[in-house]
Amino acid sequence: MAAAKPLKPVPLLRAGEATAFPRFPPRLQPRRIRAGVIRVSTPSTCGGGPDELPAALLPNARRRRHGGGFSLGVDLGSTRTGIAVGRGITLPRPLTVLKLRGQRLELMLLDIAQKQEADELIVGLPVSADGSETAQSNKVRSVVGRLAVQAADRGLRVYLQDEHGTSIDALEFMISSGVKRSARDVKSDAYSAMMILERYFSSSGQGAKIVLPRQSELHVKLLAQSRKDAEI
């Protein structure tokens, strides 16, 4: 299969140790956004008029100079979910592969995020080469919508990141890094999550779309915790 084409910036929606590998070249060109706010639209008005979110809800990759914790990369699959962690200073590292589904998976993701001192989850969104969404995109959105509610209750932010081509990137990286053929299938999901994070960091978070629960009380709780984290 051919390598993924460079991605274009997309609008935002509502709804240990790092291995010192060389950095990948940026996949996206940053677009100019007014300082202090981030553009968002609600799930029910996708493509409608944008709202503005406080700077505290910016993804870590957008506010790296102003602090922010680690980021947890998530590659959701039908039977396996890959996890990676990073902070954007060096290449993210693959963490583990979970064979869970439903609420058990969602709770485990949040537990891992907190254990890794991550204050945000970057979840890969499957899309076609032309950027259009697929049936799998809807399944991921459904999981992420539920995840965002529980994450906000813990003060964690959730973002969607275009993951097109990251599986190919992961395979090429494993081969070039000397990962044995027998281990590639077992580790591939975690490496795909690593590539999702690398794309997110190398684009300075320009392609990340925040996912917010509809409950206003969770918005307040999430905002308060995000502001607290930014001050630490």
Next on the checklist: With rounding to the nearest 0.5 angstrom, report the CD to CG distance, Q161 to D75.
Outcome noted: 12.0 Å
Next on the checklist: If I take atom NZ from residue K187 and atom NZ from residue K180, how far apart are they, to the nearest 0.5 angstrom?
Outcome noted: 9.5 Å
Item to check | Y200 side chain to E163 side chain, donor-acceptor N/O pair below 3.5 angstrom | outcome: no
Checklist outcome for this item: Tightest non-hydrogen contact, residues R101 and S78, listed as NE-O, 3.6 Å
Item to check | Donor + acceptor pair across side chains of R87, N60 (<3.5 Å) | outcome: no
Item to check | side chain to side chain contact (heavy atoms under 4.5 Å, CB included) between L197 and S71, intermediate numbers included | outcome: CA-CA 8 Å; L197 268 189; S71 304; 3.9 Å; yes
Next on the checklist: Heavy-atom count check: over 12 atoms from other residues, nucleotides or ligands less than 6.0 Å from Q103 CD?
Outcome noted: no
Checklist entry - Atom CZ in R93, atom CG in L95: separation rounded to 0.5 Å? => result 5.5 Å
Checklist entry - Any link between L218 and V211 through a network of hydrophobic side chains (Ile, Leu, Val, Met, Phe, Trp, Tyr) touching at under 4.5 Å? => result no
Checklist entry - Counting only heavy atoms not in E117, do more than 12 fall under 6.0 Å of its CD? => result no
Checklist entry - Is there side-chain contact between L156 and Q225, with at least one heavy-atom pair below 4.5 Å? => result no
Item to check | Full working for side chain to side chain contact (heavy atoms under 4.5 Å, CB included) between I83 and Q116 | outcome: CA-CA 11 Å; I83 310 295; Q116 294 293 324; over 6 Å; no
Item to check | Heavy-atom closest contact (G82 atom, A193 atom, distance) | outcome: O-CB, 3.4 Å
Checklist outcome for this item: In terms of heavy-atom contacts, T134 and S128 come closest through CG2-OG, 3.4 Å
Checklist entry - Do V158 and I122 have side-chain heavy atoms sitting under 4.5 Å apart? => result no
Item to check | With sequence neighbours excluded, residues passing side-chain hydrogen bond (donor to acceptor under 3.5 Å, both in side chains) with R154 | outcome: D111, Q114
Checklist outcome for this item: One should read off an interatomic distance between E198 CD and S203 OG, to the nearest 0.5 angstrom, of 9.0 Å
Next on the checklist: Quick one, H219 and P213 - any side-chain contact, counting heavy atoms below 4.5 Å?
Outcome noted: yes
Item to check | ILVMFWY network linking L72 to L100, side-chain heavy atoms under 4.5 angstrom | outcome: yes
Checklist entry - Hey, are the side chains of T81 and V97 touching, using non-hydrogen atoms and a 4.5 Å cut-off? => result no
Next on the checklist: Let me check something: do M108 and V123 share a hydrophobic cluster, defined by ILVMFWY side-chain heavy atoms less than 4.5 Å apart, either directly or through other members?
Outcome noted: yes
Checklist entry - Between CZ of F173 and CE of M195, what distance do you get to the nearest 0.5 Å? => result 5.0 Å
Checklist entry - With side chains defined as the heavy atoms from C-beta onward, is the minimum distance between V140 and S137 less than 4.5 Å? => result no
Next on the checklist: With heavy-atom distances below 4.5 Å as the criterion, would you say the side chains of R62 and P59 are in contact?
Outcome noted: yes
Item to check | D119 and S226, any side-chain heavy atoms less than 4.5 Å apart | outcome: no
Checklist entry - Is it true that atom CZ of R80 has more than 12 heavy atoms of other residues, nucleotides or ligands lying nearer than 6.0 Å? => result yes
Checklist entry - Would V149 and L57 show up in the same hydrophobic cluster when neighbours are defined by side-chain heavy atoms closer than 4.5 Å? => result no
Next on the checklist: Let's go through Q150 and L107 carefully: what are the C-alpha distance in whole Å and the side-chain angles of both, what is the deciding distance for side chain to side chain contact (heavy atoms under 4.5 Å, CB included) to 0.1 Å, and is it a yes or a no?
Outcome noted: CA-CA 8 Å; Q150 299 179 75; L107 292 175; 3.0 Å; yes
Next on the checklist: Is the shortest side-chain heavy-atom distance between L76 and L105 below 4.5 Å?
Outcome noted: yes
Checklist entry - Can you check whether A152's main-chain N or O pairs, donor with acceptor, with R157's side chain at less than 3.5 Å? => result no
Next on the checklist: Any carboxylate oxygen within less than 4.0 angstrom of a Lys/Arg side-chain nitrogen, looking at R199 and D169?
Outcome noted: yes
Next on the checklist: How long is the straight-line distance from CG of D189 back to CE of M194, given to the nearest 0.5 Å?
Outcome noted: 13.0 Å
Item to check | side chain to side chain contact (heavy atoms under 4.5 Å, CB included) between E133 and R141, worked out | outcome: CA-CA 11 Å; E133 296 195 11; R141 285 187 179 278; 2.6 Å; yes
